[in-house]
Amino acid sequence: MKHTILAGLFAGTALTGAATACEVTLRSSDTHPEGYPTVTAVEAMGEMIEERTDGRICVEVFHSAQLGQEKDTIEQTQFGVIDLNRVSMGPFNNIIEETQVVSLPYIFRSVDHMHKVMDGEIGDEILAAFEDHDLVGLAYYDGGSRSFYNSEKPIQSIDDLAGMKFRVMQSDIFVDMVDALGANATPMPYGEVYSSIQTGVIDGAENNWPSYESSGHYEVAKYYTLDQHLIVPEVLVMSKMSWDKLSPEDQEIVRQAAKESVPIMREAWQAREAESEQLVRDAGVEVITDIEKTPFMDAMKPVYDKHVTSEALKDLVSRIQATE
Ligand code: GTR
């Protein structure tokens, strides 16, 4: 945060010979802690922006949900209270129809497949859809694949999920996904999951390695089942109100810096996934890897039937599936 701004100012000084105070400070929200790949990437983007605007535009990253939980920060970004927001696509599902397709279980065959789709035309179309909702989509980040974890028992098959209670992100798709697996879903903000598992309100949740580790959820839910039911991309959005205050030249600088932060994010993500997995394994987490995924995939048919109803969504789904 602060040191980034100072570094940016010094960089500005070096370039222009005169220290300029930030005329605009863009406040950016992230639920994750300092050092998490999404936070690092937005900080790197901020440094590029400061440098390229000679220190006129600064970015301050408020990590660790300092500005609130995702659903609320999304609203605040739409209202221009928060300028930038790095969030999962999941919490947008009930607001922006197009985001639903990339939140469908097993829609992506692999992270590579997800990259091909999101880096191409389909990704651009979905980003453009944010504009009708007072947001400007800037870039996609990685969120790896998400799997179930719980405090009760090692889950080897769908049958083991029966009747268990899992937290999901606040989106109807994820509620229906858990229902379809014979378990019960509780949508709740990320920040409430740790204590809810600890007190037994829920049996577990689902997430990728870095989130499972950095949130400390592995301390209270030590069975992690590698079923990889979701590969949900993450997105960096800007408030349309904040965007409209920038000149077209500055908008271009922001857009370009966001694009350039993507490879930085991907590299940090790969490293962090491996580190987080190692850390939780060392801490005694039992990882169940030999999962037969076909029954999980087959169980998702009702979720697709219920959510992929419009022609536009059907078309997006078939184009994603056809992307090699
Ligand atoms: C993480 C994701 C966050 C948030 C969180 C959650 O993987 O990076 O943006 O969506 O999951 O489960 O709420």
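Just so you know, ligand 1 is whichever comes first in the structure, and atom 1 is the first atom listed for that ligand.
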Practice problem: Could I get the full list of salt bridge (Lys or Arg N to Asp or Glu O under 4.0 Å) partners for Glu260, not counting sequence neighbours? | Solution: Arg52
Quiz prompt | Residues forming a salt bridge (Lys or Arg N to Asp or Glu O under 4.0 Å) with Glu292, sequence neighbours excluded | solution =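 Counting only residues at least two positions away or on another chain, Glu292 forms no salt bridge (Lys or Arg N to Asp or Glu O under 4.0 Å).
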Quiz item: Hey, is ligand 1 close enough to His32 that some N/O pair sits below 3.5 Å?
Solution: yes
Quiz prompt | Polar proximity ligand 1 side, Tyr190 side, N/O cut 3.5 Å exclusive | solution = no
Quiz item: What is the nearest protein non-hydrogen atom to atom 1 (C) of ligand 1, stated with its residue, atom name and distance?
Solution: Ser211 OG, 3.3 Å
Quiz prompt | atom 7 (O) of ligand 1 [closest protein heavy-atom partner, distance rounded to 0.1 Å] | solution = Asn207 OD1, 2.7 Å
Quiz item: For the side chain to side chain contact (heavy atoms under 4.5 Å, CB included) test, which of Ser29, Ser28, Pro91 pairs with Thr73?
Solution: Ser29
Quiz item: Does Glu206 come within less than 4.0 angstrom of ligand 1, counting non-hydrogen atoms of the residue?
Solution: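 No, that is not the case, since the closest heavy atom of the residue is not under 4.0 Å from the ligand.
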Quiz item: So, for His217 and Tyr224, is the gap between ring centers shorter than 6.0 Å?
Solution: no
Quiz prompt | Parallel, tilted or perpendicular: rings of Trp209 and Tyr212 (30°, 60°) | solution = tilted
Quiz prompt | Presence of salt bridge, Asp305 and Lys301, under 4.0 angstrom | solution =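 The answer is yes: the pair qualifies as a salt bridge.
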Quiz item: Nearest non-hydrogen atom to atom 11 (O) of ligand 1 belongs to which of Arg86, Met169, Arg146?
Solution: Arg146
Quiz item: Considering only heavy atoms, which of Arg167, Glu70, Glu234 lies nearest to atom 13 (O) of ligand 1?
Solution: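 Residue with the shortest heavy-atom distance to the ligand atom: Arg167.
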Quiz item: Which ligand 1 atoms does Ser88 reach within 4.0 Å, using its non-hydrogen atoms?
Solution: 9 (O), 10 (O)
Exercise. Give the numbers and elements of all ligand 1 atoms closer than 4.0 Å to a heavy atom of Asn208.
Key: 7 (O)
Exercise. Carefully, step by step, assess Lys306 and Asp176 under the rule salt bridge (Lys or Arg N to Asp or Glu O under 4.0 Å).
Key: CA-CA 9 Å; Lys306 180 170 168 191; Asp176 293 329; 3.0 Å; yes
